[in-house]
Amino acid sequence: MSHAGDLLFLLCSIQPSMNQFGATKWIDESRQGTALQPEEEASATSSRKCYIESYGCQMNFNDSEIVAAILKEQGYGLTTDAAQADLVLINTCAIREKAEQTVRKRLQEFKSLKKNKADMLVGVLGCMAERLRHRLLEEEKLVDLVVGPDAYRSLPALIAEAESGQKAVNVLLSREETYADISPVRLNSNGVTAFVSIMRGCNNMCTFCVVPFTRGRERSRSPQSILRECEELFEQGYREVTLLGQNVDSYYWIDPQTQQATTFAQLLEMVAQINPWLRVRFSTSHPKDITDEVLYTMARYPNICKYIHLPVQSGSTRILQLMNRTYTREGYLKKVERIREILPDCGLSTDIIAGFCTETEADHQETLSLMDICEYDMAYMFMYSERPGTLAARRYKDDVPQEVKKRRLQEIVEKERTLALKNMQKEVGKVRTVLIEGPSKRSDQDFCGRTDQNKMVVFPKKHYRKGQYVNVHITGCTAATLLGEVVEETIPEMVT
Ligand code: 5AD
Ligand code: SF4
């Protein structure tokens, strides 16, 4: 059921502050709307300057780096000051709380910048492009170009069109585009951890989700191009890669010459073999697709981090069916049991939606009890928000009152905090290997880095350096962070 007013009331999410550390795929609140940082600000002599602001999930931030690479080829330098830019781009997310209002507000601000810089071009990229193109381009005349997530290669041509005064649009979705050959310009980076997209789109059609409509059909990138990118990152000093996809377990590549297939488990193994000192993470797994083979591969390689993000969405089988998740509560719990059997020390996180259509108090209690059983380390929690065009919007009534959704979300958040703190407390007294990511946010005397299980650790800097592995004795914790002291400099061999 679609209501015009709901267009303005987009996804509402509550994320405890700790999530900003565990975030691999989903939205890192502290990064929303950040501008792509150049290594050095485009000089006065750069022929043209571009400003790119990004919203949404990690894949979208990665896309901005692909866009930056395409524009660099065209001679653009990056700037963090929109007022200085010849080209202002906003890479949008369709799932994000208040995403549309934020984008519209930003576009109004950019429009006023244009008053002082008549030849400045403003463009909308990403997931909102398709749905908003008519309104932004033709009705409100807020932007000069609109480019969907599969059309970034056509940016130079679209910019030329816009420069000649035409409205430039390409929101076509592709079945093939993976940007495999484009090395993203790694900006806003700590130089130690990097994200690598291995596939695009999603074929799953969960009824609440707009992604299959905004990002199109699923397609995998060739293993050779992924390996090349990861190898280059390692050579540049990076020590951790996170393989990204909406549903990494359905990664599947068939070599056009040999007809040989590569599965996700095989890809994971190939990336792990690049170097034992390169940590490998991945996100997101789908409960229906994650295989024992993936779990055994994780177990075999010490450098594949023991951490799985396994969105459950709801603990009630009835609701899961309405969501078209294609697994039951019991099926999900079996998967979690399998993870615990094969990987006894594995971190586990999830996504949960409160108040999906027809959700009763009993369904909600099933979500809470499932959380107890799974003992999650972390969760991203959302109130259901009806998205225009999705299957749920067409089929079901968004009938859980707002206050009920809010209260249920609050209960889920409280449960998550209790479980997360308990899991943090279990770490106290252990020695964990940590990859140093850089100075801690709170004190320049401390470093921070993550354990294999994705928990953030803060410890005194001493003579250690970024990108180094250290063993840390965990001496205390908050709900968000472990505190510790480095105990020895040599770490156990990464290869078994
Ligand atoms: N309402 C609430 N949450 C949503 N998500 C996706 N679509 C919606 C929606 N319409 C959440 C799901 C998904 C995560 C990426 O965002 O939990 O796993
Ligand atoms: Fe959306 Fe479901 Fe695909 Fe995730 S798996 S992107 S929730 S359709």
Side-chain angles (χ1 to χ4, degrees), residues 1-3 6-7 9-15 19 22-29 55-60 93-100 127-128 131 149 173 197 199-219 244-251 264 283-290 308-315 319-327 332 349-357 359 367 370-371 376 378-396 398 400 402 405-406 408-409 412-413 416:
M1 302 292 288
S2 248
H3 308 287
D6 291 340
L7 298 185
F9 188 81
L10 298 176
L11 185 72
C12 177
S13 73
I14 291 190
Q15 297 165 4
N19 286 352
T24 51
K25 169 200 149 196
W26 200 229
I27 291 162
D28 176 344
E29 282 300 333
Y55 292 84
C57 64
Q58 191 52 54
M59 287 204 83
N60 224 33
C93 165
I95 225 166
R96 217 23 217 111
E97 177 191 4
K98 294 194 202 128
E100 277 186 25
C127 289
M128 277 167 48
R131 205 165 72 77
L173 291 172
S197 296
M199 58 204 294
R200 298 178 73 81
C202 183
N203 286 355
N204 278 324
M205 299 307 269
C206 298
T207 56
F208 52 80
C209 185
V210 82
V211 167
F213 303 97
T214 60
R215 297 188 80 90
R217 304 287 295 169
E218 191 176 283
R219 63 225 100 117
L244 286 180
Q246 302 293 347
N247 179 7
V248 291
D249 303 291
S250 61
Y251 175 89
F264 180 59
S283 191
T284 293
S285 304
H286 195 297
K288 79 172 160 61
D289 293 322
I290 188 166
I308 298 176
H309 184 64
L310 197 68
V312 66
Q313 314 297 0
S314 167
I319 294 293
L320 288 170
Q321 269 162 2
L322 290 180
M323 289 175 163
N324 193 29
R325 290 291 290 177
T326 69
Y327 53 83
Y332 182 91
S349 61
T350 199
D351 292 347
I352 298 175
I353 297 178
F356 187 66
C357 312
E359 187 187 76
T367 297
L370 179 132
M371 290 176 77
Y376 292 115
M378 197 267 283
Y380 295 102
M381 298 154 285
F382 308 89
M383 266 199 284
Y384 173 60
S385 155
E386 188 180 79
R387 304 312 334 277
T390 55
L391 295 176
R394 283 185 254 159
R395 285 184 193 161
Y396 315 128
D398 180 12
V400 178
Q402 193 60 22
K405 280 186 189 170
K406 237 187 215 165
R408 287 183 190 162
L409 179 62
I412 290 168
V413 167
E416 195 262 7

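Atoms within each ligand, like the ligands themselves, are counted from 1 in listed order.
Short contacts between ligand 2 and Val211, defined as distances under 4.0 Å to a heavy atom of the residue, involve ligand atoms 6 (S). Taking every non-hydrogen atom of Cys209 and a distance limit under 4.0 Å, the qualifying atoms of ligand 2 come out as 1 (Fe), 6 (S), 7 (S), 8 (S). The contact set between ligand 1 and Tyr384, taken as ligand atoms under 4.0 Å from a residue heavy atom, comprises 1 (N), 2 (C), 10 (N). Against a heavy-atom cut-off of under 4.0 Å, Gln313 is close to the following atoms of ligand 1: 12 (C), 13 (C), 17 (O), 18 (O). Of all atoms in ligand 2, numbered sequentially from 1 with element shown, those under 4.0 Å from a heavy atom of Phe208 are 7 (S). Residue-ligand proximity, Pro212 to ligand 2, at heavy-atom distances under 4.0 Å covers atoms 8 (S). Taking every heavy atom of Ile95 and a limit of under 4.0 angstrom, the matching atoms of ligand 1 come to 6 (C), 7 (N). Near Met383, meaning under 4.0 Å from one of its heavy atoms, ligand 1 places the atoms 1 (N), 2 (C).
Contacts of Thr390 with ligand 1, taken as heavy-atom pairs under 4.0 Å, are absent altogether.
Heavy atoms from other residues, nucleotides or ligands lying under 6.0 Å from NZ of Lys406 number 12 at most.
How far OG of Ser285 is from CG of Asp249: 4.5 Å, rounded to the nearest 0.5 Å. Here Arg325 contributes atom CZ and Ile353 contributes atom CD1; the two are 8.0 Å apart, rounded to the nearest 0.5 Å. Note that the NZ atom of Lys288 and the CG atom of Leu320 stand 13.5 Å from one another [nearest 0.5 Å]. To the nearest 0.5 angstrom, Tyr332 atom OH is 6.5 Å from Leu370 atom CG. Distance check, rounded to the nearest 0.5 Å: CZ of Phe382 to CZ of Phe208 gives 9.5 Å. Residue Ile412 holds its CD1 atom at 8.0 Å from CE of Met381, rounded to the nearest 0.5 Å.
Considering backbone and side-chain N/O atoms, Ser385 comes within less than 3.5 Å of an N/O atom of ligand 1. No N or O atom of Phe382 sits closer than 3.5 Å to an N or O atom of ligand 1.
The minimum heavy-atom distance linking Cys209 with Pro212 is given by the pair O-CD, 3.6 Å.
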Residues Glu359, Arg408; criterion salt bridge (Lys or Arg N to Asp or Glu O under 4.0 Å); working and verdict: CA-CA 10 Å; Glu359 187 187 76; Arg408 287 183 190 162; 2.9 Å; yes

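Not close to ligand 2: Arg215, with no non-hydrogen atom less than 4.0 angstrom away.
Distance check for Cys202 against atom 3 (Fe) of ligand 2: an N/O/S atom falls below 2.8 Å.
The option from Cys206, Gly245, Pro311, Ser250 that lies nearest to atom 8 (S) of ligand 2, judged by heavy atoms, is Cys206.
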